[in-house]
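Here the structure is laid out as structure tokens; the discussion comes afterwards.
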Amino acid sequence: MSSFRVTLRVIAAAIIPTLACLAQDDGANTRQYTMDNFHDEVGKINHFVMFFAPWCGHCKRLHPTWDDLAKVFNVVDSDVAVAKVDCTIETELCANNDVTVYPTLKFFKVGDPDGVKYRGSRDLDSLTAFVEEKIGKKAENEETTEFPKVPSPVTNLVELTEESFGPHVQSGKHFVKFYAPWCTHCQRLAPTWDKLAESLNHDEGVSISKIDCTEHRSVCQEFEVKGYPTLLWIEDGKKVEKYGGSRTHEDLKDFVSRMMGSGDENVEPEVEETPEAVGTLHGGNFENGISKGLTFVKFFAPWCGHCKRLSPTWDELGKKFIGSDLVKLVRVDCTLENSKSLCSKQGVDGYPTLFLYHNGEKISEYNGSRSLDDLYEFVIKHYPSHDEL
């Protein structure tokens with residue numbers, strides 16, 4: 001099959017040698033390269049290359065703009081050429097160029113085989129300005145000090161980068177999805193996240209955004225993202241709460257509404273949990289309290305809306321294990337002075353956080369639905385035998 005493919009390329013090159021590097025699909029002005037001609041062509045002139053996949057939605061949206069960019073620069077005596085590579089065909093070429101997401105845009109200066117990834121906005125003006133800067137043709141009267149631009153959103157969803165993240169979240173309220181393109185859960189959430197951004201189109205009080213952690217690792221490390229997707233509520237540049245609820249559009253929107261609420265003066269106090277069903281631990285007795293058996297711990301804050309909603313369910317869950325010498329349900333108020341350092345030490349970065357311990361060792365964090373049945377099933381799945389205890 002590979003020899004047949006090579007034969008076709010040889011025939012094509014013999015018939016139209018001058019157009020071997022051009023793809024005139026749908027009247028496109030963009031050059032299209034393969035492994036056979038990429039290095040030769042990039043070695044002749046500066047290049048701005050889009051590595052893409054035909055099925056990629058972002059790629060499809062970018063193609064018309066990319067063709068317009070090609071119209072500007074793919075002209076006689078130009079200092080730069082605009083091209084593209086289909087990664088579903090040229091897999092080896094894309095792998096050699098560290099392409100892990102689509103589209104990946106890289107600028108190659110003559111003599112630089114590695115190139116530089118472009119991470120800015122994908123509108124025509126921004127792309128043109130970037131190319132002109134790279135080839136030294138910026139207008140003399142243009143401002144030399146530039147601030148990172150927040151990429152234009154697809155519909156109303158803002159796609160952030162390492163450069164734009166800080167300026168974007170430094171003020172106001174933001175709901176941010178930290179994701180990886182290969183993550184199945186992220187892929188399932190994507191259309192719902194788009195819908196959330198669309199439904200909050202007219203709400204100027206909050207921004208819905210996302211950032212690709214495979215491309216912008218430093219931001220994800222700064223916010224201690226350890227799994228995908230991670231959904232964080234950020235206010236004035238600081239993480240306020242990690243969302244751990246159901247990922248339906250209704251629940252996500254309800255969370256936004258709750259976080260946008262002004263104050264908790266009229267919110268009912270947390271439902272008192274039944275002492276016999278749920279124990280209370282703090283910094284002084286925590287280690288002793290979890291030292292034996294299976295202990296499911298809710299770390300919470302009294303002002304937390306999600307904690308208030310979970311409280312009666314947590315109480316009902318505790319009732320299911322009353323009298324058991326194998327499992328106990330407890331809670332820890334992280335706002336208490338003698339528990340603040342405990343919660344920090346245990347890695348609590350949002351409320352509520354639900355950790356499962358076995359004989360004093362943390363074995364799992366629960367991030368699923370907070371329904372009684374799902375919580376109960378989670379505990380039973382980890383339910384040890386008497387011999388293990």
Side-chain angles (χ1 to χ4, degrees), residues 117-122 126 143 145-180 183 186 189-190 193-194 196-245 247 252-264 299-307 334-335 340-341 343-353 365 367:
K117 285 186 179 181
Y118 174 75
R119 305 182 188 277
S121 178
R122 294 171 185 164
S126 297
E143 294 280 346
T145 301
E146 295 183 356
F147 294 95
K149 294 182 179 180
V150 175
S152 300
V154 177
T155 63
N156 302 289
L157 179 61
V158 181
E159 186 166 1
L160 299 171
T161 68
E162 287 173 333
E163 293 81 5
S164 64
F165 188 92
H168 181 66
V169 304
Q170 67 181 354
S171 62
K173 299 179 179 182
H174 308 269
F175 199 13
V176 185
K177 177 182 72 171
F178 296 80
Y179 75 101
C183 160
C186 303
L189 177 61
W193 200 251
D194 287 340
L196 179 67
E198 184 68 30
S199 66
L200 296 172
N201 181 28
H202 301 295
D203 192 336
E204 298 180 355
V206 62
S207 164
I208 307 299
S209 55
K210 65 178 181 180
I211 184 165
D212 180 350
C213 289
T214 64
E215 284 285 312
H216 312 292
R217 294 184 179 88
S218 64
V219 174
C220 301
Q221 290 171 354
E222 178 185 351
F223 281 82
E224 300 178 335
V225 174
K226 300 175 183 177
Y228 308 119
T230 290
L231 311 179
L232 298 183
W233 184 270
I234 298 173
E235 294 186 11
D236 298 331
K238 296 181 180 180
K239 177 172 65 177
V240 174
E241 185 170 337
K242 176 183 176 181
Y243 179 76
R247 294 172 185 158
L252 289 167
K253 193 171 182 180
D254 181 58
F255 171 76
V256 172
S257 299
R258 203 181 312 281
M259 297 302 290
M260 291 293 291
S262 55
D264 292 325
F299 295 89
F300 75 101
W303 47 258
C304 160
H306 284 286
C307 302
C334 291
T335 65
K340 288 180 179 178
S341 61
C343 296
S344 177
K345 181 180 178 181
Q346 293 298 317
V348 176
D349 57 5
Y351 306 118
T353 291
E365 177 179 4
N367 287 309

Heavy atoms only: give me the nearest [X]-[Y] pair and the separation to one decimal.
X	Y	result
Arg258	Gly305	CD-CA, 3.9 Å
Val219	Glu162	CG2-CA, 3.9 Å
Leu189	Lys177	CD2-CD, 3.7 Å
His306	Phe255	NE2-CD1, 2.7 Å
His174	Val169	NE2-CA, 3.4 Å
Ile234	Lys239	CG1-CA, 4.3 Å

So, taking the atom named [atom1] in [X] and the one named [atom2] in [Y], what distance separates them when rounded to the nearest 0.5 Å?
X	Y	atom1	atom2	value
Asp212	Thr161	CG	OG1	11.0 Å
Met260	Glu235	CE	CD	8.5 Å
Ile211	Leu232	CD1	CG	11.0 Å

Backbone of Phe165 reached by a side-chain donor or acceptor of His216 within 3.5 Å: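 Looks like no, no N/O pair under 3.5 Å.
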
Short side-chain to backbone donor-acceptor contact, Asp236 and Ser171, under 3.5 Å: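 Not a single qualifying donor-acceptor pair exists.
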
Note: Lys242-Glu365 ion pair, threshold 4.0 Å (strictly below):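 Yes, this pair counts.
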
Test side chain to side chain contact (heavy atoms under 4.5 Å, CB included) applied to Phe175 and Leu200, step by step: CA-CA 11 Å; Phe175 199 13; Leu200 296 172; over 6 Å; no

Can you find a pair of side-chain heavy atoms, one from [X] and one from [Y], that are under 4.5 Å apart?
X	Y	answer
Val256	Trp233	yes
Phe223	Cys213	no
Met259	Lys173	no

Chi angles and distances behind the side chain to side chain contact (heavy atoms under 4.5 Å, CB included) call for Tyr179, Thr214: CA-CA 8 Å; Tyr179 75 101; Thr214 64; over 6 Å; no

Atom NZ of Lys226: over 12 foreign heavy atoms under 6.0 Å: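 Counting other residues, nucleotides and ligands, NZ of Lys226 stays at 12 neighbours or fewer.
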
Contacts of Ser257 that satisfy side-chain contact (heavy atoms from CB on, under 4.5 Å) - sequence neighbours left out: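 side-chain contact (heavy atoms from CB on, under 4.5 Å) check on Ser257 returns nothing, list empty.
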
Residue list, side-chain hydrogen bond (donor to acceptor under 3.5 Å, both in side chains) with Gln170, at least two apart or on another chain: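 Per chain and number, Gln170 pairs via side-chain hydrogen bond (donor to acceptor under 3.5 Å, both in side chains) with no residue.
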
Would you be so kind as to tabulate the donor-acceptor pairs closer than 3.5 Å made by side chains of residues 345-353, with sequence neighbours excluded?
{"from": "Gln346", "atom 1": "OE1", "to": "Tyr357", "atom 2": "OH", "distance (Å)": "2.7"}
{"from": "Thr353", "atom 1": "OG1", "to": "Gly350", "atom 2": "O", "distance (Å)": "2.5"}

Positive for side-chain contact (heavy atoms from CB on, under 4.5 Å) with Cys186, one of Phe178, Trp193, Tyr228: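 Of all the options given, the one that passes is Tyr228.
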
